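Below: the structure, in structure tokens.
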Protein chains: 2
Amino acid sequence: MITKTKLNRKQQIIEKATQLFQKQGYAATSMRDLASYIGIEAASLYSHIKSKEEILQTICFQMANDFFQSLEQIELEKLSADEKLKRAVKSHVIVLTKDSAASAVFFSEWRHLSEPYLKDFLSMRNNYENKFIQILIDGYKEGVFKKMDAKFTVLALLSSINWMPSWYKPEGKLSPEEIAKNVTDVFINGLKIRS
Amino acid sequence: MITKTKLNRKQQIIEKATQLFQKQGYAATSMRDLASYIGIEAASLYSHIKSKEEILQTICFQMANDFFQSLEQIELEKLSADEKLKRAVKSHVIVLTKDSAASAVFFSEWRHLSEPYLKDFLSMRNNYENKFIQILIDGYKEGVFKKMDAKFTVLALLSSINWMPSWYKPEGKLSPEEIAKNVTDVFINGLKIRS
DNA sequence: ATTTCCCTAACGAACGTTTGTTTATTATAT
DNA sequence: ATATAATAAACAAACGTTCGTTAGGGAAAT
């Protein structure tokens, strides 16, 4: 099982790197650091990966794809704006909690990507935020949401969720669904027009 | 004016370092980097500062003090919980926007502090969060706020604000007061019991 | 008024260490 | 026998920091 061993090793490298990048940051994590945690020499890492940055790229774009895919699926459904927002937040939280270490790296370490990856990354993120903004604007047009600064509100909403990886523990008392419900409860009931 | 010149230079170093730490991160910013932006040699920095980490310590604990001071002042006043929360958020945003670069460093780079500074820092932050949590608990007891997970809500609230330094521009259309109002509007009207 | 002295801020050079990565070689497993 | 994965050794570059020195200005002493 040559390929299997190699894939496992590569996966192991990326997983351990994810942990270290989260705890110490990308720049403060050395390849010797990473290697010693795995139990091999730094030079041996290069049998499986091309460079340190390739690891970061893998982590960032894997997460970016996951987020995008989960949101695109929701856009297909025909839902009222508030339902759509609930679903979008729930999906976002689920993706995020599935690998909270990778999410933390995704949110904090992307700036160490070199061009053209940095440009691609930022454009994807912008795109993602715009989809949320559109949901809020639609909600306003439908008469479901108050008048507001949609971009500001989305940034506040996503920020409150995205900070989670720094304190979320899978063994904690709150499930991803409960977290999503808590967040949307606060935000939606503050946005929704009460009759 | 010996002392004045020296103070200005030291201040200049810390200000430029704050900018670079925000943009590139603490670990990815070298002393030669910093020096060249100022227009001197790296070695010359050490006529004014003791070490690279001392700069980070200065930034972090200056901000920590500012946040603490602004909150302690509010605790003295006799206010209803929702009013108190509004005031606390407003103070928080004002401190944060006064130097958003330093705030960004404060929120993202504290993990590079060494002991015992790291321990002190985390204990201060915990303390600060607990003051917010207490406001929410008081609000619940007063019958002003819904039943909720106070810690979770505070983390969500502070996170949505603390992410701001990454996009806040002083020349933007929103003033600190308007930002605070937007945030509290969303959160308070989502929390407050409607009669 | 001139000299001596001290202090600050800057410098170039170098310190020892660590960085990411490459190479040539050996061990392992199929 | 062949392909893969690990190694030790080495690389140039960069790291934070220290060194001895120098230039310049103000204070003190002559």
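Naming: A, B, ... by sequence-line order, numbering from 1 per chain. Owing to the predicted nature of the structure, the values given are computational and were not obtained by experimental measurement.
In summary, of the residues considered (B:K16, B:K10, B:E15, B:R9), a side-chain hydrogen bond (donor to acceptor under 3.5 Å, both in side chains) with B:Q12 occurs for B:R9 alone.
For C:dA10, one of the phosphate oxygens OP1 or OP2 lies less than 4.0 angstrom from a side-chain nitrogen or oxygen of B:R9. Residue B:S44 places at least one side-chain N or O under 4.0 Å from the OP1 or OP2 atom of C:dC11.
Rounded to whole Å, atom P of C:dT21 lies 8 Å from atom NZ of A:K52. If you measure from atom CD1 of A:I55 to atom C1' of C:dT21, you get 13 Å, rounded to the nearest angstrom. In this entry the distance linking CE of B:M31 with P of C:dA14 reads 21 Å, nearest Å. Across the protein-nucleic acid pair, A:H112 atom NE2 and C:dG20 atom C1' stand 15 Å apart, rounded to whole Å. Per the geometry, CD1 belonging to B:I49 stands 10 Å off P belonging to D:dG16, to the nearest Å. Put simply, OH on A:Y46 is 17 Å from P on D:dA8, counting in whole angstrom units. A:I13 has its CD1 atom 16 Å from the P atom of D:dT4, to the nearest Å. As a whole-Å value, the separation of B:L34 CG from D:dT17 P is 12 Å.
If you check every strand for non-hydrogen atoms under 4.0 Å, B:S30 touches sugar and phosphate atoms only.
Taking the six-membered ring for Trp and the full ring otherwise, the centers of A:F21 and A:H112 sit at least 6.0 Å from each other. Residues A:F121 and A:F106 bring their aromatic ring centres within 6.0 Å. The aromatic ring centres of A:Y140 and A:F145 sit 6.0 Å or more apart.
Sequence order on DNA chain C of the closest nucleotides to B:R32 and A:S51 puts B:R32 first from the 5' end.
Which of C:dA9, C:dT21, D:dA8 sits closest to the side chain of B:H48 comes down to C:dA9.
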